[in-house]
Participant: 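Pasting a structure here, questions to come.
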Amino acid sequence: DTGVSQNPRHKITKRGQNVTFRCDPISEHNRLYWYRQTLGQGPEFLTYFQNEAQLEKSRLLSDRFSAERPKGSFSTLEIQRTEQGDSAMYLCASSSLAVQETQYFGPGTRLLVL
Amino acid sequence: GENVEQHPSTLSVQEGDSAVIKCTYSDSASNYFPWYKQELGKRPQLIIDIRSNVGEKKDQRIAVTLNKTAKHFSLHITETQPEDSAVYFCAASVGANSKLTFGKGITLSVRP
């Protein structure tokens with residue numbers, strides 16, 4: 001499968017716990033994006049990377065959220081001290097600057113905070 | 001920042017009829033407008049996109065039109081089929097490789 005992949009697909013955690021999600025972009029895509037989607041809403045931008053550099057973070061992104069892309073390939077999104085309001089689908093997307101293509105999304109990680 | 005609004009929120013059509021979904025955007029700097037289709041429990045999938053240097057783009061039964069002056073763009077689906085039933089999201093960005101601002105989505109139901 002050459003598409004964007006995300007792991008885990010589902011995560012249930014208790015309030016206050018830390019969680020980490022992984023995204024593997026399409027090979028050679030140098031831009032990687034994280035979005036959050038809640039029920040009945042469109043995806044909401046969180047942050048994005050060009051290679052290993054984090055270029056932009058949403059002002060809505062709490063300090064409890066951190067993302068990395070250490071080698072410019074896969075990325076991780078960590079949420080510390082989870083809250084019930086963090087329950088959502090976390091979507092990753094990637095794109096290629098070289099061909100000015102659009103963003104292709106992964107299947108998402110559905111987080112439920114109890 | 002950019003604000004994308006999508007209306008109506010739901011649309012029901014008879015199989016074979018056409019469907020039109022409209023979006024408006026606020027940032028005149030936006031120049032890239034993709035449309036995504038999302039089926040229940042699945043990832044958003046790009047169905048068509050348009051850049052601001054063109055006014056219309058077609059791909060088989062799907063077309064998108066853009067009015068830069070009025071800051072709105074529309075998705076047109078002709079000869080609708082039951083498998084077109086899904087949630088459709090419009091989005092806008094400055095450049096194809098920048099963050100996307102999405103509308104809230106419209107649920108399209110195609111009645112057989």
Side-chain angles (χ1 to χ4, degrees), chain A residues 1-7 9-10 23-26 28-51 53-61 67 88-110, chain B residues 1-10 21-25 27 30-54 57 59 62 64 73 75 86-108:
Chain A
D1 186 357
T2 56
V4 179
S5 61
Q6 292 185 245
N7 288 287
R9 295 291 308 278
H10 303 274
C23 171
D24 287 89
I26 293 172
E28 298 181 358
H29 273 193
N30 40 22
R31 285 215 172 171
L32 185 149
Y33 312 78
W34 285 100
Y35 293 85
R36 177 172 60 192
Q37 186 177 27
T38 53
L39 197 61
Q41 301 293 319
E44 175 188 39
F45 170 76
L46 295 178
T47 188
Y48 81 96
F49 294 82
Q50 180 168 312
N51 300 316
Q54 188 171 19
L55 296 189
E56 187 174 350
K57 289 174 61 173
S58 167
R59 287 172 295 174
L60 300 175
L61 203 61
M89 175 74 85
Y90 290 83
L91 292 163
C92 175
S94 69
S95 70
S96 170
L97 270 176
V99 294
Q100 287 291 302
E101 287 187 339
T102 193
Q103 299 172 31
Y104 296 93
F105 282 83
T109 295
R110 183 168 296 281
Chain B
E2 176 65 275
N3 182 46
V4 175
E5 295 191 351
Q6 199 166 347
H7 44 89
S9 59
T10 61
I21 304 168
K22 301 178 182 179
C23 281
T24 60
Y25 63 100
D27 188 350
S30 290
N31 58 8
Y32 176 69
F33 308 93
W35 285 88
Y36 285 85
K37 175 184 180 182
Q38 188 174 33
E39 297 177 49
L40 191 62
K42 297 193 176 180
R43 72 187 75 192
Q45 290 197 308
L46 177 75
I47 55 172
I48 196 167
D49 58 8
I50 191 168
R51 288 166 170 78
S52 60
N53 57 345
V54 298
K57 183 177 178 181
D59 183 3
I62 294 173
V64 56
F73 55 113
L75 177 70
V87 179
Y88 291 82
F89 293 99
C90 60
S93 69
V94 180
N97 298 107
S98 299
K99 65 181 180 182
L100 292 171
T101 300
F102 284 83
K104 290 187 175 182
I106 174 177
T107 301
L108 174 65

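Naming: A, B, ... by sequence-line order, numbering from 1 per chain.
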Participant: Please enumerate all residues that pass side-chain contact (heavy atoms from CB on, under 4.5 Å) together with Ser30(B), with sequence neighbours excluded.
Facilitator: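 Here the qualifying residues are Glu2(B), Tyr25(B), Asp27(B), Phe33(B), Ala92(B), Val94(B).
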Participant: Measure Gln50(A) against the heavy atoms of chain B and call it side chain, backbone, both or neither at under 4.5 Å.
Facilitator: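 No part of it gets close to chain B.
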Participant: I want to check something: taking the side chain as every heavy atom from C-beta on, are Gln6(A) and Arg43(B) in contact at a cut-off of under 4.5 Å?
Facilitator: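 They are not in side-chain contact.
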Participant: Identify which part of Pro44(B) has an atom lying under 4.5 Å from any heavy atom of chain A, answering side chain, backbone, both or neither.
Facilitator: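 For Pro44(B), backbone and side chain are both near chain A.
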Participant: So which part of Gln41(A) gets closer than 4.5 Å to some heavy atom of chain B, the side chain, the backbone, both or neither?
Facilitator: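 Gln41(A) touches chain B through backbone and side-chain heavy atoms alike.
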Participant: We want to know whether Tyr32(B) and Thr102(A) form a side-chain donor-acceptor pair, criterion being a heavy-atom distance below 3.5 angstrom.
Facilitator: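 Yes.
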Participant: Do Phe105(A) and Tyr36(B) have ring centroids that are under 6.0 Å from one another?
Facilitator: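 Ring-ring flag for Tyr36(B)/Phe105(A): true, centres closer than 6.0 Å.
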Participant: Roughly how far apart are Ser98(B) OG and Phe45(A) CZ, rounded to 0.5 Å?
Facilitator: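 Result: 9.0 Å between the selected atoms.
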Participant: May I ask you to decide if Leu100(B)'s main-chain N or O and Tyr35(A)'s side chain share a donor-acceptor pair within less than 3.5 Å?
Facilitator: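 Indeed, once roles are kept as given, a pair shorter than 3.5 Å links the two residues.
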Participant: Counting only heavy atoms closer than 4.5 Å, note whether Gln6(B) contacts chain A via side chain, backbone, both or neither.
Facilitator: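 The answer is neither part of Gln6(B).
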Participant: Going by the rule side-chain contact (heavy atoms from CB on, under 4.5 Å), which residues pair with Asp24(A) if we only count those two or more places apart in sequence or in a different chain?
Facilitator: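 So Asp24(A) forms a side-chain contact (heavy atoms from CB on, under 4.5 Å) with Ser5(A), Arg22(A), Phe74(A).
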Participant: In terms of heavy-atom proximity below 4.5 Å to chain A, should Lys104(B) be classed as side chain, backbone, both, or neither?
Facilitator: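 Contact with chain A is through both the backbone and side chain of Lys104(B).
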